[in-house]
Each structure stands twice: as C-alpha cells, then as structure tokens.
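These numbers come from the heavy atoms of this one structure, side chains and all, not from hydrogens, waters or symmetry mates. Whatever order the structure lists ligands and atoms in, that order sets their numbers, starting from 1. Just so it is clear, the model here is predicted, and its values are computed rather than measured.
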Amino acid sequence: MSIFTKIINGEIPCYKVAENDDYIAFLDINPNAKGHTLVVPKKEENKIFDLSKEEYLALMDFSYQVAEALEKAVPCNRVGLSVIGLEVPHVHVHLIPINNMADMQFMKKEKLTDDEFTALAERIAEKFQ
Ligand code: 5GP
C-alpha cells in the first residue's frame, strides 16, 4: 500500500486542499515553493501512463480546477505542472506556484510550520469550486 493510499484512507494526516470521489489534492510535505500541491487518484496506480485515457483526462481535469484555485490563493508568476513519481509509486501531479526555474527543480525546499501549512491549505481550499 502506498503512503498516498494511507493518506487517502485517513491513516496518515495531510493538509487537504480539495477532494471528490476519485481524486484528492493535498500540500506536498517537502515543498519546492509555498502552495506546492499533489493531485492524486484514489485508485492506486504506479505510473501515470498506466492510467486509462479516461482516468488520465479526469486527473488532468481535476488538476486544472486545483491549479485555478492555487493561482487565486498563492501569489506567483504561474502554476507549474510536473509528473515524476520516482519517490512515491502512486500517480500524482505536482502543481507548483512558481516564480523562477529553480522552483521547478526539486532542489531548493521551503520550510513551513504546521500552522503555515494549515492556513495555506485552507486558503487554497476556499478558492476551490
Ligand atoms: P516523486 O515521487 O514525484 O518524485 O515525489 C514524491 C513527492 O511526494 C515529493 O515531493 C515528497 O515531498 C512528497 N511526499 C512524500 N511523502 C509524503 C507524505 O507523506 N505526505 C505528503 N504530503 N507529501 C509527501
């Protein structure tokens, strides 16, 4: 069982941003930038292109809605999108509010307190519709 399935099942906490029957979005615990969000299908699948085309498109549709909320809630130049999955073998889309190329490089990390994570997730969730 992946760590993200444990989050989906409520066994591990997360800073939730959005959810529907099939997808969940929560803040990355080790963010490149403030607001770095992961969008995850509840059905555990390893690689994004193992999803059916319908599942892939539905994931992107949900990610689009989360990105719109992110752009409203977090000051940034734009929202970057990346799919990697080398650390956690459960499909996830990284949505990252970016201001420069370094924000997409997974090298420079932001440290946030529990209160900051909570407030940030709430701010993004308010903009999600
Ligand atoms: P990837 O698999 O795409 O290389 O990276 C996995 C991402 O998941 C990383 O950015 C990492 O910080 C994040 N991550 C790993 N474990 C957890 C966790 O338990 N909770 C949250 N919110 N994020 C996690």
Inset, instruction - Using distance alone, decide if ligand 1 has a nitrogen or oxygen within less than 3.5 Å of any nitrogen or oxygen in V88. - result: yes
Inset, instruction - Apply salt bridge (Lys or Arg N to Asp or Glu O under 4.0 Å) to the pair E126 and K72, showing each step before the final yes or no. - result: CA-CA 10 Å; E126 274 170 21; K72 286 180 193 148; over 6 Å; no
Legend entry - Contact (N/O only, under 3.5 Å) between D28 and ligand 1: yes
Inset, instruction - Run the numbers on H92 and V39 for side-chain contact (heavy atoms from CB on, under 4.5 Å), then give the verdict. - result: CA-CA 5 Å; H92 51 282; V39 186; over 6 Å; no
Inset, instruction - Verify the distance criterion only: is there a donor paired with an acceptor across the side chains of H90 and S2 at less than 3.5 Å? - result: yes
Inset, instruction - Considering only non-hydrogen protein atoms, determine which one is nearest to atom 23 (N) of ligand 1 and report residue, atom name and distance to 0.1 Å. - result: I29 N, 3.4 Å
Inset, instruction - Before signing off on this row, confirm whether L38 and ligand 1 have an N or O atom pair separated by under 3.5 Å. - result: no
Legend entry - N100 side chain vs D103 backbone, donor-acceptor pair below 3.5 Å: yes
Legend entry - Distance from atom 15 (C) of ligand 1 to nearest protein heavy atom, with residue and atom: E87 OE2, 3.4 Å
Legend entry - Contact check, C14 vs ligand 1, heavy-atom distance below 4.0 Å: no
Legend entry - Geometric N/O contact L27 with ligand 1, under 3.5 angstrom: yes
Inset, instruction - Check ligand 1 against G85 and write out every atom of the ligand that is under 4.0 Å from a heavy-atom position of the residue. - result: 1 (P), 2 (O), 3 (O), 4 (O)
Legend entry - Proximal ligand 1 atoms for H92, defined as those under 4.0 Å from one of its heavy atoms: 1 (P), 2 (O), 3 (O), 5 (O), 6 (C)
Inset, instruction - Measure the distances from the heavy atoms of I7 to every atom of ligand 1 and state whether one is below 4.0 angstrom. - result: yes
Legend entry - Heavy atoms from other residues, nucleotides or ligands near CZ of F106 exceed 12 (cutoff 6.0 Å): yes
Inset, instruction - Provide the number and element of each atom of ligand 1 under 4.0 Å from a heavy atom of I3. - result: 19 (O)
Legend entry - Closest non-hydrogen atom pair, F128 against V17: CB-O, 4.4 Å
Legend entry - Any H94 heavy atom less than 4.0 Å to ligand 1: yes
Inset, instruction - Take every heavy atom of Y15, measure it against each atom of ligand 1, and state whether any distance is under 4.0 Å. - result: no
Inset, instruction - Could you give me the CA-CA distance, side-chain angles and deciding distance for F117 and Y15, then say whether ring-ring contact (aromatic ring centres under 6.0 Å, His included) is met? - result: CA-CA 7 Å; F117 271 121; Y15 301 100; 4.8 Å; yes
Inset, instruction - Could you tell me whether K127 and E71 make a salt bridge, using a distance below 4.0 angstrom between a side-chain N and a carboxylate O? - result: no
Inset, instruction - Please check if any side-chain donor atom of N32 sits under 3.5 Å from a side-chain acceptor atom of K108, or the reverse. - result: no
